[in-house]
Structure formats: C-alpha cells, structure tokens
Asker: 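Encoded as structure tokens, here's the structure I'll be asking about.
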Protein chains: 2
Amino acid sequence: MAYTQHAKTLAEEVHQRIRADILAGRLLPGQRLKLALLCDEHGVSLSIVREALTRLAAEKLVRAQPQQGFAVTALSVAELRDLTFVRIAIESVALRRAIELGGVEWESRLLAAHHRLAHTPVHSPADPKRLSEAYAQAHAQFHETLTEACGSPRLLELQRSLYDTSELYRRLSYMLNRRRRNKAGEHRGLLDAALARNADRAVAMLAEHYESTTRTLVESGILERPAIGDAA
Amino acid sequence: MAYTQHAKTLAEEVHQRIRADILAGRLLPGQRLKLALLCDEHGVSLSIVREALTRLAAEKLVRAQPQQGFAVTALSVAELRDLTFVRIAIESVALRRAIELGGVEWESRLLAAHHRLAHTPVHSPADPKRLSEAYAQAHAQFHETLTEACGSPRLLELQRSLYDTSELYRRLSYMLNRRRRNKAGEHRGLLDAALARNADRAVAMLAEHYESTTRTLVESGILERPAIGDAA
DNA sequence: TATGTTTAGATTATCGATTTATAATTTACA
DNA sequence: TGTAAATTATAAATCGATAATCTAAACATA
C-alpha cells in the first residue's frame, strides 16, 4: 500500500494524506472536494491541493470535471463489476507467475504475511462497526505478497492501483456482510494452494474471493444511491 | 489514442500537446523538461505546465524527481521487456473476450480498420526515415479495434495507456528494422485469426507481433545509452 | 403555478512573484 | 595537486492575488 513514504514535496505529502482519507472512508464516494476547505484542513495553498487532486484524478481515485472541481470517484454497479473482472484477470496472471517463479524466500514471506493477517483483529476496539486500520494493512500486505514473486514490477503496480481503487468498497462490504463470510478460511485456502503450487486452484479461489465481495455489495443495493454528501 | 479532444481547460490542452510531442518523438526519452522553456513554448504560466507534467508523470510518460524536475521516461531493457510482457498479458485477455463477444458490428469495424491500415503509407513523403503520423494513427486504431468488443472499458483503457507508453519505442523499432519484417502480413494474420474466431492463434500472433518489436530494439543496442539531451 | 432571466455569491482556473532546494563553481586548506 | 568547504547560479516548489466560470437564489413574466 505504501502509505506515508517520506514524501519529499509538500504536494506529495498532501496527495498521500487525501488518498489515505479516501481509502479509509473518511471521504466518501461521490463527495465533492472543495479546494478551499482542503487548503484549510491541510494548511497549504491552493496550488498544492490542486496538484494533489490532479494526481488522484490520474489514479482514478477522484474524478475531475473542468470548471466544476473534483469529487471522490463513485463506482456504478457496472464499473465495480468491470473493476472486479480486470483485477481477477491481472492477478491471475501474476499469481500463476509467482507460483511458478517464487522460491523459499517467497514462501516464507507469504507464510509470515498470512500469520499476521490471521492474528490481527478485524474490528478496531474503538469502532466495532468499522474495519480496523491494522487489518486493512495486513490484508493488503497478504495479497501483495501473494503475487510478489511474479517478476513483473509493472504488473504488481497495476495490481496495487486496482486494489486501492476497490479498497473502500471492500470496507463497505465488510460492514454489510451479515451472514459473515468465512474470510479467514478463504485466505487460508489461498495460502495452502499457493504453497502447494497448485496454480489452477489458487486462481479459482482468488476469483471467488473477489467475486463474492462484489456480490455482497451489489446485492446490498448500497451502490444504487450515489452517497453524495457535500464539502470535505 | 484520443489526441486533441476538445480540452476544456488550459492545463488539459497543454497536457495533450506535450503528450503528443513525446509520442511523436519530438521530445526524446531521457530528455529533461525544463518548466521555464515549456512555459515559453506554449505561452502559459508555470502552474499550467506543472499540472500537465504532473499528469504525464501519473501516466508514466514522464518521470518526476522531487526538487529536480521532470524528464521524458526512458525505459531500460528490463523495463521494456516487462512492459511487453504486461501488454501481452492484458491484451490476450481482452482479445479472447472480444473474439468471444464480438458481433458482426465488430467484424465490420475490424475489417475497415485493417483496410485503412493496409492502405496507409508507412513513411511520410516529407521524412522517409520516420513513421508517418497517419500510419501511427491507423496502427493504433487497428489494435484498439481488435479488442474493442471485450466489454471491459477498464481493460481497454489500460491497454491504451500501455500502448502509448510503448509508442515511441515502436517508432524507433520501425526506423531500425533493416531486414524489414513483414508487418503487413502479421496484421493480416491477426485479422484473419480474429474473424475466424480462432482465439489461440490470434493470441499467439499478437504475442509474437509484440515480442519481435521488442527483440529488434533490444538487439539494436540503442536502449543502452540513455539518449539524454538537455532542454526542451 | 410554472418557466425563463437576471444578479449575487461561491468556486475554480490561471498568473506572476517569492521562497526554497539543488547543482556548479570557486576558494581555502591539507 | 587533490579534496572539502563556501559561495554563487539555476531551477523547482510554493504562495497569494486576480480573472474566468459556474451555481443558486431572487425576480419578473406568461
């Protein structure tokens, strides 16, 4: 995920901060991002906020409309389905390569990442409805490690970018999911398949893992009403 | 490719202009892009050029180094190989879907795009060493049409972005390729395979099509010396 | 009451100037 | 003569102000 790398420029700093706000759900899909408010909030000038939002727009986390400012990207059902399809397509390729190329080094890191994930509480003690920040991190780390050994930096970056785009939908899904899907089991299965070098099974599990999240969201109907709140 | 959509803001206008300069090879890989010079050239203020370059950096067409400005992205051999790998991976998925989903409508457009490509002169009369602008367009169009029917806007956009990144390497390859590879034949074969709904053959041809371009470049050794010229 | 038009307020887009950081050059010292 | 510190020059990053544009409210008209 690479939150808070030591940013070398102010614009980069603010870019990462706003990005984190979006991914953590502090800024909601559809919400307008008014420049002046963001300036106050981060204590910087217009140019900085503009540059930050411009970058986020290029990453598709916010949408820019000329003369009308910026808003957090809100995915339609169709777009979420498409995103899921592309993620599965790309990660399948990466996962197959990783399973093919990864060595003992990779196996160890994967095992470690899974162990951390399995032992991180899903909900924060403070707000039991929400996903904890620590879990979100561990989850991202596990999925990243899974394909890490694929040997293609570019593919990995694509994967990370798409992961980010779907991050807040993933959080939503967690909050919605009443019948408590067995996430832990799915991760365990993924781990086992990868370590057993069973690419077909791993890929199938990954696809199901992603599709079920999307299904939960679509069936909940929460995506229909574009949760537009104003201001930042 | 979407050159010169009617841009609604100045920054977008300049962004597209610089982008076109890079893709057409008027700005070379490794070349530093000094803000002041670009301001003069396009008759705009610093902020505008900064925003344009920031976007190009997000698209990976230029590289930004904090406190040191921007430079046109120069791919190393390893990066070019990786790029090729990712392009093949992504377009393979898209092509298979297109072959599966595409209807008569798609076939017609593909046939038309191929016809146009086949009848556009490769070199411009003005500069017989360089690739003509018209051919570059037609080529882009053909490849875009090939996968158009895949049903995934996101996948197509990814494809286009990667196509752009490799655009100037493709042009280089054309200029270098002495033994005159049979490009026309490859395109013809791709067309036939697609129309015959032979996904495996089409994908294989596509992969070979891209890999041979990369091979030409790598073997030429032209990528080794990072063609750094200063100024814009 | 509904529709279209004008006007005031708010917000974004752009600019030119200032501040800050890096790179190049000179000077001092071993 | 070579290295390190100090100085200057160059370019990027940031800011605050102005111009252009949009949104919404108030008003007039049918």
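Only heavy atoms go into these numbers, but all of them, side chains included; no hydrogens, no water, no symmetry mates. Letters go in sequence order (proteins before strands), and every chain restarts at 1.
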Asker: How about B:His209 and B:His143: are their ring centroids closer than 6.0 Å?
Answerer: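 Close enough - the centres of the two rings lie under 6.0 Å apart.
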Asker: Quick one: B:Lys34 NZ to D:dA13 P, roughly how many Å, whole number?
Answerer: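 Atom-to-atom, B:Lys34 to D:dA13, this comes out as 14 Å.
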Asker: What do you reckon, are the aromatic ring centroids of A:Phe142 and A:His115 less than 6.0 Å apart?
Answerer: no
Asker: Can you check the B:Arg32 CZ to C:dT22 C1' distance for me, whole Å?
Answerer: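 That distance rounds to 10 Å.
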Asker: Can you tell me how far P of D:dA11 sits from CD of B:Gln65, to the nearest Å?
Answerer: 16 Å
Asker: Just how far, in rounded Å, is P of C:dT11 from CZ of A:Arg50?
Answerer: 15 Å
Asker: Is there a side-chain polar atom (N or O) of A:Thr9 under 4.0 Å from OP1 or OP2 of D:dT14?
Answerer: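 For A:Thr9, the contact criterion (side-chain N or O under 4.0 Å from OP1 or OP2 of D:dT14) is met.
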Asker: Starting at atom CG of B:Leu35, determine the distance to atom P of D:dT14, rounded to an integer number of angstrom.
Answerer: 12 Å
Asker: Please check the phosphate of C:dA13 (OP1 and OP2 only) for any side-chain N or O of B:Ser47 closer than 4.0 Å.
Answerer: no
Asker: For B:Gln67 and C:dA21, what is the distance between atoms CD and C1' respectively, to the nearest whole Å?
Answerer: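 Rounded to the whole Å, the gap is 5 Å.
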Asker: Quick check on DNA chain D: between A:Pro66 and A:Glu51, whose nearest nucleotide comes earlier from the 5' end?
Answerer: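 Final value for this comparison: A:Glu51.
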Asker: Is it the case that B:Ser152 and B:Arg97 place a side-chain donor and acceptor less than 3.5 Å from each other?
Answerer: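 There is no such pair between these side chains.
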Asker: Looking at every non-hydrogen atom in both residues, tell me the closest pair between A:Leu83 and A:Leu75 and how far apart they are.
Answerer: CD2-CD2, 3.7 Å
Asker: Does a side-chain N or O from A:Gln68 land closer than 4.0 Å to OP1 or OP2 of D:dT23, or not?
Answerer: yes
Asker: Among the candidates D:dT14, C:dC15, C:dT14, find the nucleotide nearest to the side-chain atoms of A:Ala11.
Answerer: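 Side chain of A:Ala11 sits closest to D:dT14.
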Asker: Could you check how far CG of A:Leu46 sits from C1' of D:dC15, rounded to whole Å?
Answerer: 9 Å
Asker: Output the rounded distance in Å from CG (B:Leu38) to P (D:dA11).
Answerer: 13 Å
